[in-house]
Amino acid sequence: MASVRSVALKALSGPSWSHLVPRAQTLRVRAFSATMSPPSKAVVYENHGPPDTVTRVIELPPVEVKENDVCVKMLAAPINPSDINRIEGVYPVRPQVPAVGGYEGVGEVHSVGSAVKGLSPGDWVIPSPPSSGTWQTYIVKDQSIWHKINKDSPMEYAATITVNPLTALKMLEGFNTLNSGDAIVQNGATSIVGQCIIQLAQYRGVHSINIIRDRAGSDEAKEKLKNLGADEVFTESQLEVKNVKALLGSLPEPALGFNCVGGNAASLVLKFLRQGGTMVTYGGMSKKPITVSTSSFIFKDLSLRGFWLQKWMSTDKAQECRSMIDYLLDRAREGKLKYEMELVPFNNFHSALDKALGKLGSQPKQVLTF
């Protein structure tokens, strides 16, 4: 991996960087009474490509904090797969390059503009909906971007609550009405979204049937998921039977299924669904298509839906999104929502990136701390 280097912004002089520090060039002629942010250290990329070769750490100069702006000192921000895809240039929506990496996180209000109401220095905030550029020590953005949260929230959960847990909650609530005693089925159950689905379903009295890949350590993975509240956990090979529903025992046939894998794993979710059930696809880790039999549509009347969190949040859903985030943080504070993470100092960004890229095998979610 190319080393991640710290360089001064002046080494990157040129018009291409103006959108990252849009007000910096005007500050030399402004009165010194203007409220300024501290200088910021940021992970940036000038071109799309392999994250370990195109990212580097630079110093960004102070910027003006205008009357409706809030300057936030970042506390923590994760490295998500979608962050990597944005840097690679393959994610459907991505910021203009050059750009600062990161999309979610938590920070502490450092200073506010003169017209800002409801936020004060010391408050904890998250960008909601998420906003590009969280991999930096200080961020200045309009007050409308920031959602104040309870400071008793565990920092690492506040930093990661939006992309994965919110996806899980919205999918549980947004497609079929689930009542206590109902069941859901999902593949990719060891993913963070999968783990959140298990815990949020259990909290509501909803049973979960979970499908995982055949791999070394699958017995340990089953035990981990059952400790989180999973009712049943099957490997794909265990489901190579004529009637998978015979494996349910006393559990009801699920009305709702979740697919983040595709291929055969998606077909297994469909086999479990009851008459009129719905499968929601939110990922495609196997990069294989979903194949559905004609009889599944005609005789079982199954529905196939898709879900993309960013599209949902791009509508007028800000308030609903924030209420759901508060609900999720309440569960995290209660210990009812948990998943494994590794906190990594920002100065060790390159090491965290290597782990997030899978260079060192399966690793916990990498969360940068500032």
Side-chain angles (χ1 to χ4, degrees), residues 1-2 4 16-17 19-20 42-58 74 76-106 126-136 139 141 145 159-171 174 187-188 191-194 196 258-263 266 280-290 305-315 317-318 321 325 341 349-350 352-359 363 365-368:
M1 165 183 166
V4 179
S16 63
W17 285 90
H19 68 282
L20 285 185
V43 175
V44 301
Y45 52 102
E46 298 173 72
N47 301 289
H48 293 123
D52 53 356
T53 61
V54 301
T55 57
R56 52 179 174 167
V57 178
I58 70 168
M74 291 303 292
I79 303 176
N80 289 318
S82 55
D83 296 321
I84 291 170
N85 292 156
R86 286 184 180 89
I87 296 170
E88 293 169 333
V90 299
Y91 202 71
V93 177
R94 49 192 181 269
Q96 173 189 349
V97 292
V100 177
Y103 188 61
E104 67 172 333
V106 62
I126 62 173
S128 177
S131 179
S132 295
T134 57
W135 294 352
Q136 59 182 313
I139 304 177
K141 292 196 176 189
I145 296 293
T160 58
I161 205 68
T162 303
V163 170
N164 291 305
L166 186 58
T167 293
L169 181 58
K170 182 58 185 175
M171 291 196 303
N187 59 35
S191 68
I192 290 185
V193 172
C196 290
F258 304 113
N259 164 52
C260 67
V261 179
V280 181
T281 293
Y282 66 99
M285 290 189 290
S286 72
K287 299 184 179 178
K288 295 179 180 178
I290 298 169
R305 301 287 302 275
F307 180 72
W308 183 26
L309 182 72
Q310 184 159 336
K311 181 179 180 181
W312 173 69
M313 290 190 300
S314 67
T315 61
K317 300 294 184 182
C321 172
I325 284 170
M341 292 172 276
F349 167 76
H350 58 284
L353 181 62
D354 280 351
K355 290 182 178 181
L357 290 171
K359 292 185 177 183
Q363 298 287 329
K365 170 73 69 180
Q366 298 295 294
V367 179
L368 304 171

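Quick caveat, the model's predicted, so the values are computed rather than measured.
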Report task. To the nearest 0.5 angstrom, please state how far the CD1 atom of Ile145 sits from the CD1 atom of Ile139. Result -> 10.0 Å
Report summary line: NZ (Lys365) and CG (Asn164) are apart, to the nearest 0.5 Å, by 5.0 Å
Query raised in the report: Does the side chain of Asn187 reach to within under 4.5 Å of the side chain of Cys260, using non-hydrogen atoms?
Result: yes
Requested in this report: State, to 0.1 Å, how close Pro78 and Thr160 come at their nearest heavy-atom pair, and which atoms those are.
Outcome: CB-CG2, 3.6 Å
Query raised in the report: Does the Asn80 side chain pair with the main chain of Asp83, one donor and one acceptor, at a distance under 3.5 Å?
Result: no
Query - Residues, nucleotides or ligands: over 12 heavy atoms within 6.0 Å of Arg305 CZ - result: no
Query raised in the report: Does a donor on one side chain sit under 3.5 Å from an acceptor on the other, for Lys141 and Ser131?
Result: yes
Query raised in the report: If every non-hydrogen atom of Ser82 is compared with every non-hydrogen atom of Tyr91, which pair is closest and at what distance?
Result: CB-CE1, 3.8 Å
Report summary line: Closest non-hydrogen contact found for Ala99 with Gln96 is CB-O, 3.4 Å
**Report entry** Within-4.5 Å side-chain heavy-atom neighbours: Val44 and Pro98
**Finding:** no
Query - Smallest separation among heavy atoms of Ile290 and Gly262, with atom names - result: CG1-CA, 4.3 Å
Query raised in the report: Which value, rounded to the nearest 0.5 Å, describes the distance between Asp52 atom CG and Leu353 atom CG?
Result: 6.0 Å
Report task. For residues Gln136 and Val100, report the shortest heavy-atom separation together with the two atoms involved. Result -> NE2-CG1, 3.9 Å
Report summary line: The reported gap from OG1 in Thr167 to CD in Gln310 (rounded to nearest 0.5 angstrom) is 10.5 Å
Requested in this report: Might you point out which heavy atoms bring Ile84 and Ala356 nearest each other, and give the distance in Å?
Outcome: CD1-O, 3.8 Å
Query raised in the report: Nearest 0.5 Å, what's the CD1-CD distance between Ile79 and Gln366?
Result: 6.5 Å
Query raised in the report: Rounded to the nearest 0.5 Å, what separation is found between the CD1 atom of Ile126 and the CD1 atom of Ile325?
Result: 4.0 Å
Query raised in the report: Below 4.5 Å, heavy atoms only, C-beta onward: do Leu166 and Cys321 meet side chain to side chain?
Result: yes
Query raised in the report: Backbone N or O of Gly283 within a donor-acceptor pair of the Trp308 side chain at under 3.5 Å?
Result: no
Query raised in the report: What is the ring orientation for Trp312 with Phe307, classed by angle as parallel under 30°, tilted 30 to 60°, or perpendicular over 60°?
Result: tilted
Query raised in the report: Within a strict 4.5 Å, meaning less than it, do heavy atoms of the Phe258 and Val193 side chains meet?
Result: no
Query - Sidechain-backbone polar pair: Glu104 side chain, Val163 backbone, donor-acceptor under 3.5 Å - result: yes
Report task. Indicate yes or no: at least one non-hydrogen side-chain atom of Tyr103 is less than 4.5 angstrom from one of Pro95. Result -> no
